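Predicted model, so just to flag it, every value in this text is computed and none were measured. When a residue number appears, it is its place in the shown sequence, counting from 1.
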Amino acid sequence: MNQEKIMIIIKGKEETEQVADFEVGPSVVRITFKTSDKIYTYKIQDVLILQEPDVVQVENDSIIYHDSIPFNNVKQVLDFGIKIRVVFENGSMRTYDKDRIRLEQSVSGRPEAKAVLEYWREISKYVKNKSEDEEEEQENENHKDKESFLSKEFAKMNYVDPNSVLGQIIQKNPIKQESRFTNNPIFPFNFNLSQKTALDHALTSNISIIEGPPGTGKTQTILNIIANLAIMQDKKVAVVSGNNAAVLNVQEKLERKGYQFFVASLGNQENKRKFFANLPKLDMSDWETDISEVACMDRIKELDDQIQRLMERDREKAQCKQKLSAYLLEQEHFENYFARQDVSLMEKLSFYKQTPNKILEFMKDSFLAAEIKKSYKLFYPFKLFFKHGFTDFKRLRKQGIEVILNYQRQFYVLRIAELSSQIQKIEEELESHHYQNLLDEHQHCSETLFRLKLHKKYHHRAVIQCDEKSYTRLDIFREFIECYPVVLSTTHSLRNCVPPNYMFDYCIIDESSQVDLLSGALALSCCKHAIIVGDTKQLPHIVDFKIKEKLKKDPYLNMDKAYDYFDHNVLSSLLALYGDEIPSVMLREHYRCHPAIIEFCNRKYYDGDLITYTDTQMSDSPLLIYRTVLGNHMRELTHGKKGKFNSRELEVIEQEVLQGMSEIDSVYPDIGFATPYRKQLEKALEHFTVDIESDTIHKYQGREKKIMIMSTVLDQTKLGNMGMNFVNNPSLINVAVSRAQHQFILVTDHSAFRKYGNEVGDLMRYMEYSTLDDNVVDSEIVSIFDLLYREYSDKLRDFRDRARWYNNSRHKSENLMEARLSQILERPDFKGFSLSSQVYLMNLFTDLDRLSEEERKFVKNRSSVDFVIHYNLDQSFAMAIEVDGFEFHENNPEQIKRDKLKESIFKKFGYTLKRFKTNESGEEEKIITSLNDLMDSN
């Protein structure tokens, strides 16, 4: 009998490979088995004989999978319809249900994928291990450097499964949407709105992105994803990163909760040895409960429905607190400004009860009345009286700007009271619905269900018998991966942690902005789904651009730039490849830094999207600047271990910063020192007499300290200027600042970084503004009262849109200019600027002594400028713009005189007033040029 081409299935028997011969009679089948000479007789209806199978030869670029386990050394596959027979090279055969077997052909030979793989394969020959981390040296302990490791890995990667994430990416296949698990997700590690969305994306897409700015709970999100995938859905999950630090963070947090027993911490050979030498222990002694899984699931669903709305209200409260902090700070600036004006307080502004909106309405009506002058002279007092309850007309006529300043001052008082009341109202609502208790119960139910699932799977499971060499044998690995469904590794070691061509259900890549495309591709080649966690605004991996010169350029000229090793990491590559098509969520809730610390990063790098949940009570002085004395203090070694350092900054840290702190030794572990330069780090380690944790900023990514001290090193010398591009790296400054929980201390040159658009310079200005530094208090130019004028501008714009008679005047051109300016400032180059309209000159200039009597009178007569562009981080004045209608300006001698007076005032304070005429063209180009010139000259 041809054993390969015939399959006999006997009812009630699993084995079908032991038949030596058979004979079919009229009603029975007689079968002889290999294990016995005896002939067995079966009823013909109990025997199924399958013949003439489809024969599939397994080529080198194909793989046979049984479930997710790959078979190696397969000769051919015989397809009998309902059953599959796999014939191995050694002559042995095995039979499987057809629906559990799949044959996949590699995509590596397809034209669209071949070019990408060849490009990466060529680069892999030249990528050297530049890391000095001991852990990465251990990763390559059997190789001279990472060059040989990557090169060998890519040389071995002849097969790329079309269902793998790598296969999907290099073919540019669209993102797949999948149905979610029927039960509600669980959150045994707590959660918030952003994290809930992130989990939903992970469960319903084959590729999803979680952007995690500093302190937003990336690891917590990963832990909840692991719980839902690995335990609730029995998926096999790999968690990887470019280095061991990120995955160790996941491991430590699981161990803290007693969940280490289902996690295999693998990676390099040393990690494997450690893992198998000390297999994680299982302790479920206190997990017993009478609650059923069904009861937990039902209660979680009930709680989900209640918590969603309350969680939205809690977010609203946090946003109100953020606004309140901003208004309180701006009020502090306004009060400082107001105290320097010769203005008497008005005891009562109106006989009506005032609100912030009514204050803005009064300011708007007062401005319009001054604009239209005599036309509505009689109507105006009646309007002020009946609409606004205002009665002091004499004072308004003689000292109009004083009235406006009093109203502005009251605006802050009322807006702050309104926000405080709103916060209190939400807090009372949350308390009345027992919001925190509901959150705690949800977490408790989630954890209980999680443990019930774990208990059911593990409480009778014996410890697996294998070691670091034998566990990848297919007969053992199936049991191993069931026991340890979560595997931790680095990206470039993951393929070596599993049998060849094995595919995890999911791979979570943490700190993905630091994962290069080559090692990322290795990890993505062995998973069906990927969850990419990272932050495009933090430090990427370091690239050796000299490799470009060694590559053959012609074959890759037409390749999609999203695969460019030199331009992209794993995170940015996927964003470039899929854009808005890829499910992506930014974790917005921030829990690490003092609100004043993270607000710099929020405004500068995250477009104000972060919502701060920390308390201002964390520190009385969250931001401190120490400037070195005048002089050039940076030095550069040009021989031996080259590098820049600044001993004066280290002396300031030692003698002023650290001595000003507690002398109790226990405080020093809470202090971190970071610098862009390795040489400065080396000098710091020699110099400091107290034990604080010191490192380069690059190495501090992923860590945090209560107090962070940053040394910028550079000064105003030519050598210092040459290092500006390196230090003024947005990602570098973002990482440095966001490491600090309670206090961030900047030690820097007195004036080397004063330029606007310069990262350190913007940081200094923000710190000065946020703490009312003397530089701000003594300034002759007041920072724009941005929050006040933002609302005031909205009020004017709304009026202009509704009032036809007003729009028919010269102010049509103002509407057009405002729209054009807003559009320009949305460009990435100019996101550091904001726009305010109809700003009173009195709010711009404080010291009027330098002006003539006529100019002072002009300023105090409620004179304004059409538009002011100012810097976001310290609200300081950048540029003023006037729109000149022909009839209103050039054809109006009185207005021409006022224009010249206004220009003279700006000139005396060292600022140019830009004028744009309505009968001219090219305004947009001129404005862009002016903004670029402004950034270059400051």
Side-chain angles (χ1 to χ4, degrees), residues 165 175-213 215-240 246 249-250 253-254 257 259 262-263 296-297 299-312 314-315 438-439 442-450 453-454 485-486 504-512 527-535 571 574 582-591 611 613:
V165 175
I175 301 295
K176 295 178 183 177
Q177 296 300 316
E178 302 171 356
S179 58
R180 200 178 77 174
F181 189 52
T182 53
N183 292 326
N184 283 47
I186 64 170
F187 295 93
F189 300 93
N190 290 322
F191 72 106
N192 57 43
L193 290 172
S194 298
Q195 293 169 351
K196 188 176 183 181
T197 304
L199 176 59
D200 190 62
H201 287 173
L203 297 179
T204 56
S205 305
N206 69 321
I207 308 173
S208 64
I209 287 175
I210 302 172
E211 292 202 62
T216 54
K218 286 185 299 178
T219 303
Q220 180 176 291
T221 308
I222 290 171
L223 295 178
N224 281 319
I225 290 172
I226 289 172
N228 282 275
L229 291 176
I231 306 307
M232 303 306 294
Q233 297 190 32
D234 197 30
K235 302 296 185 184
K236 308 304 179 278
V237 182
V239 184
V240 300
N249 193 25
V250 172
K253 290 189 176 180
L254 286 170
K257 286 283 191 175
Y259 301 137
F262 64 84
V263 179
C296 281
M297 289 177 186
R299 184 55 181 153
I300 287 171
K301 188 177 185 311
E302 290 175 11
L303 290 166
D304 274 342
D305 296 337
Q306 297 177 60
I307 285 173
Q308 179 69 28
R309 189 187 67 83
L310 294 174
M311 195 166 271
E312 288 168 358
D314 190 40
R315 174 186 273 189
L438 292 176
L439 282 180
H442 191 288
Q443 191 271 334
H444 176 71
C445 287
S446 292
E447 187 170 41
T448 300
L449 180 55
F450 184 53
K453 287 281 188 182
L454 286 169
V486 178
F504 290 92
D505 295 305
Y506 285 81
C507 179
I508 303 171
I509 301 184
D510 195 9
E511 297 289 357
S512 56
C527 65
K528 302 172 191 173
H529 303 76
I531 302 162
I532 311 300
V533 186
D535 183 5
L571 175 58
L574 287 172
I582 193 166
S584 177
V585 63
M586 187 177 93
L587 304 181
R588 298 180 62 195
E589 294 84 350
H590 176 86
Y591 302 98
I611 303 168
Y613 279 74

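For Val263, the side chain to side chain contact (heavy atoms under 4.5 Å, CB included) partners two or more places apart in sequence, or in a different chain, are Leu254, Val486, Leu488. With sequence neighbours excluded, the residues forming a ring pair (Phe, Tyr, Trp, His ring centres under 6.0 Å) with Phe187 are Phe191, listed by chain and number. A search for side chain to side chain contact (heavy atoms under 4.5 Å, CB included) contacts involving Thr219 returns Leu223, Asn249, Val250, Lys253, not counting sequence neighbours. With sequence neighbours left out, the ring pair (Phe, Tyr, Trp, His ring centres under 6.0 Å) criterion links Phe262 to no other residue. Here His590 pairs with nothing under the ring pair (Phe, Tyr, Trp, His ring centres under 6.0 Å) rule; sequence neighbours left out. Considering only residues two or more places apart in sequence or on other chains, Asp505 meets the side chain to side chain contact (heavy atoms under 4.5 Å, CB included) condition with Ser68, Lys235, Lys236, Lys528. Applying the salt bridge (charged side-chain N to carboxylate O under 4.0 Å, His left out) rule to Glu302 yields the partners Arg299; only residues at least two apart in sequence or on another chain are considered. Every residue meeting the side-chain hydrogen bond (donor to acceptor under 3.5 Å, both in side chains) condition with Tyr259, not counting sequence neighbours, appears here in chain and number order: Glu447, Arg451. Evaluation of the side-chain hydrogen bond (donor to acceptor under 3.5 Å, both in side chains) rule for Arg588 yields no partner, not counting sequence neighbours. By the ring pair (Phe, Tyr, Trp, His ring centres under 6.0 Å) test, His201 is found to be paired with no residue, residues two or more places apart in sequence or in another chain being considered. Under the side chain to side chain contact (heavy atoms under 4.5 Å, CB included) criterion, Asp304 pairs with Asn184, Lys196, Ile300, His442, not counting sequence neighbours.
Closest heavy-atom contact between Pro188 and Ser446: N-CB, 3.5 Å. Listed here is the closest heavy atom pair of Gln195 and Asn190: OE1-O, 4.0 Å. Considering all non-hydrogen atoms of both residues, Val165 and Ala530 come closest at CG2-N, 3.6 Å. Pairing each heavy atom of Pro185 with each of Leu203, the nearest pair is CB-CD1, 4.5 Å. For the residue pair Cys445 and Leu303, the shortest heavy atom distance occurs at SG-CD1, 4.4 Å.
With values rounded to the nearest 0.5 angstrom, Thr204 atom OG1 is found 9.0 Å from Leu199 atom CG. Taken to the nearest 0.5 Å, the CD1 atom of Ile307 stands 10.5 Å off from the CD atom of Gln443. The CD1 atom of Ile532 lies 7.0 Å from the SG atom of Cys507; values are rounded to the nearest 0.5 Å. Considering CE of Met297 and CG of Leu449, their distance stands at 5.0 Å, rounded to 0.5 Å. The CD1 atom of Ile225 lies 4.5 Å from the CD1 atom of Ile531; values are rounded to the nearest 0.5 Å. Interatomic distance, Ile209 CD1 to Ser512 OG, rounded to the nearest 0.5 Å: 7.5 Å.
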Determine, stepwise, if the pair Gln177 / Ser205 fulfils side-chain contact (heavy atoms from CB on, under 4.5 Å).
-> CA-CA 5 Å; Gln177 296 300 316; Ser205 305; 3.3 Å; yes
For the pair Gln308 and Leu193, evaluate side-chain contact (heavy atoms from CB on, under 4.5 Å) and give the outcome as yes or no after the intermediate values.
-> CA-CA 8 Å; Gln308 179 69 28; Leu193 290 172; 3.6 Å; yes
Evaluate the side chain to side chain donor-acceptor pair (under 3.5 Å) criterion for residues Tyr613 and Asn192: first the C-alpha distance (whole Å), next the side-chain angles of each, then the deciding distance (0.1 Å), finally the verdict.
-> CA-CA 11 Å; Tyr613 279 74; Asn192 57 43; over 6 Å; no
Would you please test Ile210 and Lys218 for side-chain contact (heavy atoms from CB on, under 4.5 Å) and show each step?
-> CA-CA 8 Å; Ile210 302 172; Lys218 286 185 299 178; 5.6 Å; no
Extract all donor-acceptor atom pairs below 3.5 Å that involve side chains of residues 226-233 and protein atoms in other chains or at least two apart in sequence.
| residue | atom | partner | partner atom | Å |
| --- | --- | --- | --- | --- |
| Asn228 | OD1 | Ile186 | N | 2.9 |
| Asn228 | ND2 | Ile186 | O | 2.8 |
| Asn228 | ND2 | Asn224 | O | 2.8 |

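Judged purely by atom type and a 3.5 angstrom limit, Glu211 has no side-chain atom pairing as donor or acceptor with the backbone of Val585.
The shortest distance between side-chain heavy atoms of Pro583 and Ile175 falls below 4.5 Å.
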